[in-house]
Amino acid sequence: LTMTSDNDESGAGSSTLTSAPLSANGGTITLNSNGQSITQSGSIGGDETINSSNGAVSIGVLDGDAAGTRSLTVNAGTATFTTTGAIGATNKLNNLTVSADDVALGANVAGGGTLTLQPTSTSRNVSINNGGSSNFNIDSTEISHLVDGWAGIKIGSISGTGNYYIGLTSWTDPVQFIHGAGIILNGNIVGSGNASIAFNNSGGYVAINNGRSISTSNQSVSFASTLASYGGTISTSGGLLSLVNLTLADYFSASTSGGNI
C-alpha cells in the first residue's frame with residue numbers, strides 16, 4: 001500500500017492519519033509527501049515507511065501488532081521527527097529507524113528490536129544531553145522515554161562529520177554511539193541492567209574529559225577507535241573492556257572486576 005500527498009507538487013497536500021490501522025494484509029505500507037508534513041496515530045498493520053522529503057513527521061499514540069513484529073522507518077530529511085503520544089504502549093514495535101535532522105521525543109517509545117536515531121545531514125552536530133538546541137539533540141528527558149526492552153539503541157551515523165558530544169546519560173538497553181569522526185564525552189555514562197556501551201566511530205577518536213566515567217553492570221564497554229583519556233575512569237563490574245588504542249593526556253583508570261580486557 002502506497003499513499004502520496006501533493007503528487008502534483010502544488011505545495012499542498014499534507015497527510016494526517018488517525019485511528020488507523022492501515023492494513024496491507026501483512027504487506028508493506030509507504031507514506032510519501034513532497035515536503036509536506038505527515039502526522040499519524042493509531043496502529044500500523046504492516047511494516048511501514050514514511051518518506052516526507054524534508055517535511056516534518058509527527059507521531060501520536062501508535063502501536064504495532066500483538067506479536068511485536070511491525071517495524072517503522074521514518075525518513076524526514078532535514079526536518080524534525082516528533083512524538084506527541086506513546087509509541088508501543090499497548091503493542092510494541094519491532095524496529096524503529098528515524099532519519100531526521102532533529103528529534104523531539106515527547107512520550108514513551110517501546111520496542112523489542114533495534115531503535116536507530118540518526119541525523120540526515122552528515123555535517124549535523126550530535127548532542128546527547130549536552131545542550132545545543134540547533135543540533136541533532138537528545139536530552140535526558142527524551143532518553144528517559146526510551147522504554148527498557150530494546151534489543152539495541154543506535155544513535156548517530158557512520159557518515160557523520162560534525163561534532164558529537166555526550167553529557168551525563170543513563171541507559172537501560174545496549175547502546176551504540178555511531179559517528180564518522182571524533183566523539184567527546186563531557187559527562188558520565190551509566191549503563192544498568194543489560195546495557196552495554198559501544199563507541200562505533202572507527203574513523204575518529206573518543207575523548208573522555210575532566211574525570212568523567214563510563215560504567216556498566218557486568219556488561220561490555222568497547223571502542224572501535226583510539227580512546228584519548230584526559231582523566232577518565234571505566235568500570236564494567238565483570239564485563240569485557242575492548243580497546244583498540246589508548247592515548248593518555250592525563251590519568252586513566254579501568255576496572256573490570258574479573259572481566260577481560
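Because the structure is a prediction, the values reported are computed rather than measured.
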Intermediate values then yes/no, side-chain contact (heavy atoms from CB on, under 4.5 Å), Leu185 and Ile214: CA-CA 9 Å; Leu185 180 60; Ile214 302 170; 3.7 Å; yes
Stepwise side-chain contact (heavy atoms from CB on, under 4.5 Å) check, Tyr230 with Asn210: CA-CA 6 Å; Tyr230 295 84; Asn210 303 320; 5.7 Å; no
For the student: nearest non-hydrogen atoms of Tyr205 and Ser225, plus distance: CA-OG, 3.5 Å
Non-hydrogen atoms of Ala76 and Val57 that approach each other most closely: CB-CG2, 4.0 Å
Side-chain touch Thr216/Val190, heavy atoms, less than 4.5 angstrom: no
Verify same cluster id: Val221, Leu243 (apolar side-chain graph, 4.5 Å): yes
Pairwise distance CZ(Arg212) to CG(Asn186) - rounded to 0.5 angstrom: 7.0 Å
Heavy-atom side-chain contact between Val126 and Ile128 under 4.5 Å: yes
Steps toward side-chain contact (heavy atoms from CB on, under 4.5 Å) verdict (Asn108, Ile87): CA-CA 6 Å; Asn108 285 352; Ile87 295 178; over 6 Å; no
Side-chain (Asp47) to main-chain (Ser71) donor-acceptor, under 3.5 angstrom: yes
Atom of Gln176, atom of Asn200 and distance for their closest heavy-atom approach: OE1-ND2, 3.8 Å
Interatomic spacing from CG in Asn163 to OG in Ser123 - rounded to 0.5 Å: 10.5 Å
Donor-acceptor under 3.5 Å (Asn135 side chain, Ser127 main chain): no
hydrophobic_cluster_shared for Val61 and Leu105, side chain cutoff 4.5 Å: no
Side-chain heavy atoms of Tyr165 within contact of Asn125, under 4.5 Å: no
Check: Gly162 main-chain N/O paired with His179 side-chain donor or acceptor under 3.5 Å: yes
Closest heavy-atom pair and its distance - Asn51, Ile38: O-CD1, 4.2 Å
Contact list for residues 55-66, test salt bridge (Lys or Arg N to Asp or Glu O under 4.0 Å), sequence neighbours left out: Asp65-Arg70
Shortest non-hydrogen separation from Ser217 to Ser237 and the atoms involved: CA-CB, 4.3 Å
Matching residue for Val175 among Thr169, Ile189, Ile153 - test: side chain to side chain contact (heavy atoms under 4.5 Å, CB included): Ile153
Aromatic ring pairing Phe223/Phe199, orientation class (parallel under 30°, perpendicular over 60°, tilted between): parallel
Candidate pair Ile166 and Phe177, rule side-chain contact (heavy atoms from CB on, under 4.5 Å), full reasoning: CA-CA 9 Å; Ile166 306 173; Phe177 303 108; 3.7 Å; yes
Enclosure of Asn260 CG (heavy-atom neighbours >12, cutoff 6.0 Å): no
pair Ser52-Asn75: side-chain heavy atoms closer than 4.5 Å: no
Residue pair Ile184 / Asn130, side-chain heavy-atom distance below 4.5 Å: no
pair Thr116-Leu96: side-chain heavy atoms closer than 4.5 Å: no
Ile143 with Ile183, same ILVMFWY side-chain cluster at under 4.5 Å: yes
Atom pair CZ/CG of Phe136 and Asp101 - distance to nearest 0.5 Å: 8.5 Å
Spacing of Arg124 atom CZ and Tyr164 atom OH [to the nearest 0.5 Å]: 14.0 Å
CG on Leu115 to CG on Asp173, rounded to 0.5 Å: 9.0 Å
Verify same cluster id: Ile59, Leu146 (apolar side-chain graph, 4.5 Å): yes
Validation row: Leu72, Leu62 side chains within 4.5 angstrom (heavy atoms): yes
From CG (Leu241) to CD1 (Ile234), nearest 0.5 Å: 5.0 Å
Validation row: Ile197, Gln219 side chains within 4.5 angstrom (heavy atoms): no
Chi angles and distances behind the side chain to side chain donor-acceptor pair (under 3.5 Å) call for Asn129, Asp139: CA-CA 4 Å; Asn129 200 36; Asp139 64 26; over 6 Å; no
Where Gln118 and Ser99 come nearest, the two heavy atoms and their spacing: NE2-OG, 2.8 Å
Residues Thr69 and Asn94: side-chain donor-acceptor under 3.5 angstrom: no
Table please: side-chain donor-acceptor pairs of residues 78-86 below 3.5 Å, with sequence neighbours left out.
unit_1, atom_1, unit_2, atom_2, d
Thr78, OG1, Asn54, OD1, 3.4
Thr83, OG1, Gly106, N, 2.9

